[in-house]
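Each remark here refers to the structure printed beneath this line.
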Amino acid sequence: MSERESAGVRGLYPFLYAGPAELSEVLAEVSRSTVEKAHEIVRLRRTVGESMAGAVAACAAAMAERFAAGGRLFTFGNGGSSTDAQEVATAFSAPAQGRPLAALCLTSDVAVVTALSNDVGFDVVFARQVAALGGAGDIAFGLSTSGGSANVVKAFEEAARRGMLTVALAGYQGGRLAELPELDHLFVIPSTSVHRIQEAQTTVYHVLWALTQHALGARPRRSTAPGSPAATRTREHP
Ligand SMILES: O=C(CO)[C@@H](O)[C@H](O)[C@H](O)[C@H](O)COP(=O)(O)O
């Protein structure tokens, strides 16, 4: 191992190099930073819960309406958001309890994703699928931490053209998604840490799932109190 690599490993795993005397100090530091991180996560989730409760409930009601009329949910995102999109589709379509709802993740079919990326372009990898599968009664559900992924933005533009309900989760200040007037529901997690954003987005979509189930009469549940719409946007329909 080169000097540089060894320094890298030392930085990542300091306890491997600590002598018995230093070890407890290193462990105390690791535990301090873990506790700080845990506080940060709880603080952000609380902020999100308090400020978005009303908007999440409104979004769930709109989603439930689409499902009740036979609508389907299409989810998409890149990287970590792609696996979150898979989790959203799984939660809705294959719940252990509650009503199974029609949901499909547009990142799950490798053949379709690679064909579109290879033959047409990665920027249309979701939009083309939305065009092929989506209809007016359906729901487009996209996640992006930056809010700037071109393929996510284009998918929403296509979904809006088709009259689909559009639901977006973003971070930072919403990025390009914040500038999309077509979005029906936008939830912006107020953080600049990709990981914190993803964690808080998980809370938002799991609550959306629970409230949608509740609205469909599948799971009795306490209602949530309305909150400030500071970090959310719900489009008024004429
Ligand atoms: O942060 C992770 C994993 O946690 C990355 O995989 C991340 O998701 C990828 O860089 C994405 O391509 C970022 O896209 P986006 O969230 O900005 O739309």
Side-chain angles (χ1 to χ4, degrees), residues 8 11-13 33-34 36-38 40-45 47-48 52 55-56 59 73-92 103-110 112-118 120-131 134 139-160 164-209 231-233:
L12 279 174
Y13 306 107
S33 67
T34 305
E36 273 166 27
K37 207 125 275 170
E40 192 187 331
I41 292 165
V42 170
R43 263 197 314 273
L44 181 61
R45 284 187 157 158
T47 302
V48 165
M52 295 187 184
V56 171
C59 178
L73 171 68
F74 297 103
T75 65
F76 46 88
N78 297 286
S81 299
S82 127
T83 49
D84 278 323
Q86 290 180 333
E87 162 58 9
V88 174
T90 305
F92 278 85
L104 179 73
C105 179
L106 303 184
T107 69
S108 297
D109 190 327
V110 175
V112 171
V113 169
T114 53
L116 285 170
S117 304
N118 195 37
V120 193
F122 195 56
D123 59 326
V124 297
V125 74
F126 304 133
R128 287 283 180 120
Q129 293 188 74
V130 166
I139 306 161
F141 191 111
L143 304 101
S144 170
T145 55
S146 62
S149 291
N151 53 12
V152 172
V153 171
K154 286 192 177 182
F156 277 126
E157 288 169 343
E158 181 62 41
M164 295 168 72
L165 180 74
T166 49
V167 182
L169 271 59
Y172 296 84
Q173 297 188 327
R176 287 173 63 193
L177 292 176
E179 292 156 18
L180 268 191
E182 299 95 329
L183 283 181
D184 295 305
H185 300 272
L186 170 66
F187 301 95
V188 179
I189 307 297
S191 170
T192 53
S193 156
V194 169
H195 291 160
R196 294 299 82 77
I197 294 165
Q198 288 171 338
E199 288 156 5
Q201 286 183 339
T202 306
T203 303
V204 172
Y205 64 68
H206 281 143
V207 174
L208 271 176
W209 170 80
T232 64
R233 200 181 70 212

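Atoms considered below: every heavy atom in the structure, side chains included; atoms not considered: hydrogens, waters and symmetry mates. One-based numbering, in listed order, for ligands and for the atoms of each. All residue numbers refer to positions in the sequence shown, counting from 1.
Taking both residues in full, the closest heavy atoms of Gly80 and Gln198 are given as CA-NE2, 3.6 Å, listed atom of the first, atom of the second, then distance. The shortest heavy-atom contact between Phe74 and Gly134 is CE1-CA, 4.0 Å.
In this structure Asp84 satisfies the salt bridge (Lys or Arg N to Asp or Glu O under 4.0 Å) test with no other residue, sequence neighbours excluded. The ring-ring contact (aromatic ring centres under 6.0 Å, His included) check on Phe156 picks up Phe76, with sequence neighbours excluded.
Residue pairs meeting the side chain to side chain donor-acceptor pair (under 3.5 Å) criterion with at least one partner in residues 165-183, sequence neighbours excluded, are Thr166-Asp184.
Side-chain contact between Pro190 and Val48 is present, with at least one heavy-atom pair separated by less than 4.5 Å.
Every protein residue with a heavy atom nearer than 4.0 Å to ligand 1 is included here: Asn78, Gly79, Gly80, Ser81, Ser144, Thr145, Ser146, Ser149, Val194, His195, Gln198.
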